[in-house]
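Written below as structure tokens is the structure these notes are about.
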Number of protein chains: 2
Amino acid sequence: MATTPAPDTAAGTDRLWASPLGSDLSFLLARANAASLAAGNAALAPHGLKARSYSVLELAVADTRPSQRELAAFLRLDPSQVVALVDDLQSRGLIERQPDPNDRRANVVIATDAGRALAEAARASAESAEHALHASLAPADRARLAELLRAIATP
Amino acid sequence: MATTPAPDTAAGTDRLWASPLGSDLSFLLARANAASLAAGNAALAPHGLKARSYSVLELAVADTRPSQRELAAFLRLDPSQVVALVDDLQSRGLIERQPDPNDRRANVVIATDAGRALAEAARASAESAEHALHASLAPADRARLAELLRAIATP
DNA sequence: TATTGTTATACTCTATAACTATA
DNA sequence: TATAGTTATAGAGTATAACAATA
């Protein structure tokens with residue numbers, strides 16, 4: 001993540017944008033993501049969530065019944081990190097580990113009623129923050145951006 | 001960052017993409033950035049660089065004569081982190097701290113000849129990795145993506 | 001033999017506060 | 001009084017290896 005230590009416009013950093021780095025797709029991606037993550041985490045904080053835990057909660061709420069292994073793969077996290085995320089959400093009564101009847105090694109993650117309620121409230125905050133982030137984009141541009149990102153983000 | 005612990009296509013994570021999260025712009029941004037960062041760092045590693053240090057080096061090579069404070073603002077890093085990055089690159093003879101004649105508190109960061117040579121080699125690797133990442137996109141789409149990202153990434 | 005969840009550990013990154021020298 | 005660079009330190013995030021239970 002990256003909060004905003006200095007307002008960037010402080011000095012004449014405009015001229016730095018003229019450097020090759022200012023056109024580098026990886027750099028733009030990193031910067032856009034940093035802004036998005038900072039705004040998202042700030043919006044989720046009042047709900048006791050961060051981007052990571054919010055993602056897990058949303059996947060549980062969606063009734064896709066993911067195993068922890070699937071969560072790890074989809075979120076590109078190490079399985080051991082998913083343990084900590086699920087532990088936290090479960091200890092707060094937002095999700096539950098349900099033993100998979102087909103594979104007794106695996107846990108299926110499902111949301112509780114409290115989890116669904118919190119997810120709805122958190123989603124409203126997150127969407128509002130996200131909208132503010134790309135307020136300068138027309139709706140069609142936003143859809144196009146999502147489409148292009150998906151081409152890169154999808155395996 | 002996020003390396004790839006599991007190949008994602010391993011299990012049926014396709015159905016997870018159908019969840020609301022799969023259309024969430026912040027999530028797509030995070031995932032695209034993770035893929036880009038992982039590919040970029042892997043490409044830069046043989047040159048002894050990471051995304052961060054490569055960015056600093058490129059800005060030094062571009063002759064924009066940034067102060068450390070400006071680097072911090074532009075890269076959205078804390079000034080104390082820039083110290084470590086500049087220390088590292090300077091100890092390897094790739095950049096130099098030049099006292100700013102107009103403000104004796106400030107250092108201006110400039111590249112050495114060795115720094116310029118390394119930057120050129122690293123840039124080739126980085127561009128090749130980046131190109132592979134969005135190989136599925138038409139050139140026009142790539143330009144459009146950069147444009148849209150810039151709208152979000154720019155202050 | 002391979003896989004799921006788990007634990008433990010080391011490492012990197014990030015945030016914060018303080019200090020100095022200049023302005 | 002404020003700013004540029006620096007140092008030190010604590011915390012969050014990440015990677016890695018090992019283990020028990022199950023397939």
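Numbered from 1 within each chain, the chains take letters A, B, ... in sequence-line order. Hydrogens, waters and symmetry mates are skipped; everything else that's a heavy atom, side chains included, is used.
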Pair B:F27 + A:Y54: ring centers closer than 6.0 Å: no
Salt bridge (charged side-chain N to carboxylate O under 4.0 Å, His left out) partners of residues 103-112 of chain A, not counting sequence neighbours, each pair once: A:D103-A:R105
Pairs where residues 16-28 of chain A contributes a residue and the test salt bridge (charged side-chain N to carboxylate O under 4.0 Å, His left out) is met, not counting sequence neighbours: none
Residues forming a side chain to side chain donor-acceptor pair (under 3.5 Å) with A:Q90, sequence neighbours excluded: A:R97
Distance-only check: which donor-acceptor pairs under 3.5 Å involve side-chain atoms of residues 60-67 of chain A, not counting sequence neighbours?
| residue | atom | partner | partner atom | Å |
| --- | --- | --- | --- | --- |
| A:D63 | OD1 | A:R116 | NH2 | 3.0 |
| A:T64 | OG1 | A:L59 | O | 3.1 |
| A:R65 | NH2 | A:Q98 | OE1 | 2.7 |
| A:S67 | OG | A:R69 | N | 3.4 |
| A:S67 | OG | A:E70 | N | 3.1 |

Nearest-nucleotide pick for B:R52, side chain only, options being D:dG13, C:dC13, D:dT7: C:dC13
Closest nucleotide among C:dT6, D:dA12, D:dG5 to the A:K50 side chain: D:dA12
Nearest-nucleotide 5' precedence on DNA chain C, B:Q81 against A:D87: A:D87
B:S26 side chain to A:E130 side chain, donor-acceptor N/O pair below 3.5 angstrom: yes
Residue-level proximity of residues 88-109 of chain B to DNA chain D when a heavy atom falls under 4.0 Å: B:R97, B:R105, B:A106, B:N107
Inter-end axis angle, the helix from C:dT1-D:dA23 to C:dA23-D:dT1, with every axis fitted to five base pairs (rounded, 10 degrees): 10°
B:E120 and B:R123 ion-paired at < 4.0 Å: no
